[in-house]
Each structure stands twice: as C-alpha cells, then as structure tokens.
Amino acid sequence: MLQLQTIRENKERIITALKKRNIDAEPILSAILDLDEKRRSIQTELDGTLAESNKLSKEIGMLFKSGKAKEANTLKAQTAGLKDASKQLGEELNATAEALQEQLYQVPNIPHESVPTGSTDEDNEEIFREGEIPSLSDGALPHWELAKKYDIIDFELGVKVTGAGFPVYKGKGARLQRALISYFLDKNTEAGYTEVQPPLMVNEASGYGTGQLPDKEGQMYHVQADDLYLIPTAEVPITNLHRGDMVSLKDLPIKYTGYTPCFRREAGSYGAHVRGLNRLHQFDKVEVVRIEHPDNSYQALDTMVEHVKNILRELKLPYRVLRLCGGDLGFTAALTFDFEVFSTAQDRWLEISSVSNFETFQANRLKLRFKDENGKSQLAHTLNGSALALPRVLAGIMENYQTPNGIRIPEVLVPYCGFKVIE
RNA sequence: GGAGGAAUGGCAGAGUGGUCGAAUGCGGCAGUCUUGAAAACUGUUGAGGGUCACACCUCCGGGGGUUCGAAUCCCUCUUCCUCCGCCA
C-alpha cells in the first residue's frame, strides 16, 4: 500500500511510473486525494466539536467540585447538541476513511526506475545467463515420464487421495526432495539467515499485511470454519512475524529462511504447461525474507540475487536471470528478478525463484517500522526470494541429469541423498 | 470443554470516574566527569492526525455502551495465564 503522503506529494510521478504497469492511475489517485481531502475536512470539524465538549466537561467538573451544581447542570444541557453532532461526524469520518482505505488497497506498488516497459513475460529483460545446456541423447524424456519410469513421483496416487496437482513423492524421489530442502536451508543459514518454521495457516490480518488480501483472495485456500488461509508462500507468515513491530536500528537487517509447503488454488491454469511438476496446488519451497533499512534494500536485493546464483552454480543447472517488466511485475513488488532453469527435455525455461524488493509497500500495511538515526520512526523495507522452489528444481535435475541408465545426482547433493544415481 | 485472573508507551510496571497521554524503573538519545571506556550524576525520550508553526483532536488488546466527562463502570470479541477435564 502506498503512503498517502507519497500520493499527495507525487501524484504525477506515480501516474507516470504506473504506466509501466500499463494502467492509467489518474482516476483512482484523484479519487483517493478527493477522499483524503474530504476525510480531513470532516476530521477538522469533528476535532472542533470534540474540543468544545471537552472544554465544557472540564468546566462542569470544576463547577461540581466547587459545589455549584446548578450552574453545572445548565452547562450539561449545552452538551447534548455537541454529542449528537460529534456522533454523526464520527460516522461520516469512519465511512470516508473506509472508502479511502479500500481505494488505497487497489493501487499497486510503484515500479523501480530500472523496471523495463512491457506487457507480458515475453517482455522481461534477460540480464544474466550461466551454465551449460546439456545435449541429451535421443531417448531423453520429460520429467513426468522419468517419474513413472523410475517410480519416484506418482501423480495418479495424489489424484486419488486429494486431486490433481497434489503429487506423491516416493522412494528416492522423496529422499531427493528432502535432500534439496536440507541443502537449501544449509546454504541460507550459512549466509546468515535464521531458520524458522512458521505456521502453515494464517489469519486475515496476515493476508492483508503482505498483500495477498484483498487482491488475490481467490488464489489462496480458505478454511472457512476457522477463517484461516493456507499459505501460498512462506513469505506470508515469515514477514508477518514482525507485523506491527517497532524494531531498533541495530537489529537491522533481519534475515530469515524457512521451509514450508505452499498451497495455491491456481484457478484458471490449464493445458500442457501445468503438466507434471510444472504447476501444482501443493509444493515445497525454501524462502528467504529480509527486513532492511531503506538505504540498504537494493544492495540487499543484489546480495540475494548473487546468493541464488551461487546455489544454481553449485547444482550445475543451466539458468538465466530476468528483470521483470512492468506488465509481469507482481502487485506488491517494486523490482523483481526471476530465475529460470532450462528444462532440456521440455525445451523451455522453468521459473524456480523470484526475488523482490517491496520497499515500504508491505511495511506500510504491516506497520513495520524502525527508529532511524535521528530517532524518528520510519517504515522499513521488506524483501523476499525463493531459495528455492522445489518441484521445478527437481524437474530440472531429473531432465538435465538423465542418462540412458538413470538420473545422476548433482555432486553437492550426494551427501544429503546418500546415493549417486536414481535407477 | 468447565471455573477464575489478566491485557497499559521500545520493554517492565503503577494507576479503579474529572489537568492521566498516563507515576516509576529499564532501554534509547544528549551532556558532565574520564586519556578513552565503564560506573555515577544531570537533562531528554510514546504513536497517529492536523497546522507554515502553534492550537487542537485521537489512541491504555478490538468493537459497542453508560456518563457532562472513561485507562478506570457495563456488554461483547480476541489473546494470554492459573486450576480442572480430555488428548497428540
């Protein structure tokens, strides 16, 4: 959520910036500023009314104390009108403030100046590419075929137990997945992130805090009986650990990593691109979250990008890094880098990580602040990234490491797996 | 699930109807002292709205009510603690 003050002072600049998202923000920003002005004028009027009745109350109190009950009762009669007026003004104020809030929730984050223009993922800007794309033999298979051949992932079983998009990992497949989780967590804790195991369900306030609500209500599983949401990413519970906090300067940066299953309804997805592990309703992910001083957040973003690069380098997977264009940028992000692994057998790139700076957009909703060098409280910057999303990494390993005699295990994972090949 | 108790500023913790936005301690900040640091001492220090700046308004878990006036009384919700029951 943008700060009102920012909108008041930079309306034109925001409109220009949001054009990168291919939206014309003029109408909504004008509506917001109108509501803001209306809210303030009601507030001023209400303040005056309250000031007057406060004053009268004090006088009445003093009159009672000095035994002048009769005069006090005369003043009492005067307060009735003020009470009605302030009650009505209070209701108006609430209605206006609520309408204003609703509008503010509709405005996405301002894209960073480096965000390229564009409307779809085809307009994303490739900024880095590394790793050799292996030349596979003629019989190379996509991962869902490999999964069946070696009996390590069973999609049909998941359909029976739950439904499509809930695979069952078996044997060495399950072990490889567990190995990847441990390996990622180890890499992240080595880099100074504190490991946490957060709840897998969150309340409504948390959903609003990180921006999943109200914008992406339909993407989350909602447990209606208890009004809780299954998390679509560990970003939600982990960032919300500090909702409402006033952190001290010396605690920054705050760095967390956590492994969680993630649940997404993925309403509207279909077709070949959702085959196998490409798009699931439940998947595992290891996430990193940072809370930063605004002066350091972009440096921190670069650090996170380098960190993920380093992991992919160790796994010896061919990958590229994209700077998301305005049209593809998430609602809450100011700047996002996507990582994609090349899936040789499918001949396409698979997104395996997304690293973003949200600047104050989430912090403003979270009321996550710190005391700065001058003792003034200001909003912190929040960032997060996947390090990494499991299924597609698994798919990338299966497809790129396949041989006619089995799937080799990347060297760094062998100690975690306890075997060198799936055959 | 049953019975009680509690929720106050960054933290701890007073405050039970009228200068209480709130004592005190810790922490933070500034200063004195010191070669420097620590200790000690002195001062200062909640958040939000509003204003050019004041004034002024709001906030003592959330919401509602009583009253001229509520941190303080009533209702309700949430959370936490203690005891009992049940259970991984």
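So you know, we letter chains A, B, ... as the sequences are listed, proteins then strands, and number each from 1. All of these numbers come straight from a predicted model, not from anything done at the bench.
Following rounding to the nearest Å, A:Leu46 (CG) and B:rG48 (P) show an atom-to-atom distance of 20 Å. Taking atom CZ on A:Phe370 and atom C1' on B:rA47, their separation rounds to 16 Å, with Å as the unit. Spacing between atom CG of A:Leu93 and atom P of B:rC59 amounts to 12 Å, rounded to whole angstrom units. Rounded to a whole Å, the CG atom of A:Leu368 is 16 Å from the P atom of B:rA47. One can place CG of A:Asn203 at 12 Å from C1' of B:rU79, the figure rounded to the nearest angstrom. Taking atom CD1 of A:Ile60 as the reference point, atom P of B:rG17 lies 19 Å away to the nearest angstrom.
Remark: A:Arg8 is in phosphate contact with B:rG50, judged by side-chain N or O atoms under 4.0 Å from OP1 or OP2. OP1 or OP2 of B:rG69 sits under 4.0 Å from a side-chain N or O of A:Lys83.
Across all strands, A:Thr44 comes closer than 4.0 Å to no nucleic acid atom at all (heavy-atom distances).
Applying the 6.0 Å contact sphere to NZ of A:Lys148 captures no more than 12 heavy atoms from other residues, nucleotides or ligands. Under a cut-off of 6.0 angstrom, the local environment of CD in A:Glu45 is sparse, with at most 12 non-hydrogen atoms contributed by other residues, nucleotides or ligands. Environment of CD in A:Gln101: crowded, with over 12 heavy atoms of neighbouring residues, nucleotides or ligands closer than 6.0 Å. In A:Gln106, the CD atom is crowded: over 12 heavy atoms of neighbouring residues, nucleotides or ligands sit closer than 6.0 Å. For CD of A:Glu195, the number of neighbouring non-hydrogen atoms (other residues, nucleotides, ligands) closer than 6.0 Å is greater than 12.
In this structure, the nucleotide among B:rC57, B:rG49, B:rG69 sitting nearest to the side chain of A:Leu50 is B:rC57. Taking every side-chain heavy atom of A:Arg369 into account, B:rA47 is the closest of B:rC57, B:rC68, B:rA47. The A:Arg40 side chain lies nearest to B:rU51 when the options are B:rC68, B:rU51, B:rC57. The side chain of A:Asn54 has B:rC57 as its nearest neighbour among B:rC57, B:rG69, B:rG65. In this structure, the nucleotide among B:rC68, B:rC56, B:rG49 sitting nearest to the side chain of A:Gln43 is B:rG49.
B:rA38 and B:rC29: their P atoms are spaced 11 Å apart (whole Å). Comparing B:rA71 with B:rU8, their P atoms are spaced 16 Å from each other, to the whole Å. Taking atom P on both B:rG4 and B:rG9, the two are 27 Å apart, rounded to the nearest angstrom. Comparing B:rA23 with B:rG31, their C1' atoms sit 25 Å apart, to the nearest whole Å. Spacing between B:rC52 and B:rC41 at atom C1', rounded to whole Å, works out to 40 Å. Here the separation of B:rU72 from B:rU82, taken at their C1' atoms, is 25 Å to the nearest Å.
A donor-acceptor contact closer than 3.5 angstrom is absent between the side chains of A:Tyr229 and A:Gln212.
The CG atom of A:Asp251 lies 8.5 Å from the NE2 atom of A:His242; values are rounded to the nearest 0.5 Å.
When each of A:Met62 and A:Arg39 is assigned the nucleotide of RNA chain B bearing its nearest heavy atom, the one mapping closer to the 5' terminus is A:Met62. If you find the closest nucleotide of RNA chain B to A:Asp36 and to A:Met246, the one lying nearer the 5' end belongs to A:Met246.
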Quick one: do A:Glu306 and A:Lys309 satisfy salt bridge (charged side-chain N to carboxylate O under 4.0 Å, His left out)? Show the steps, please. CA-CA 5 Å; A:Glu306 288 307 314; A:Lys309 277 186 188 173; 3.1 Å; yes
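Helical stems in RNA chain B, defined as runs of 3 or more consecutive Watson-Crick or G-U wobble pairs with donor-acceptor distances under 3.5 Å: B:1-7 with B:78-84, B:10-12 with B:24-26, B:27-32 with B:40-45, B:46-49 with B:56-59, B:61-65 with B:73-77.
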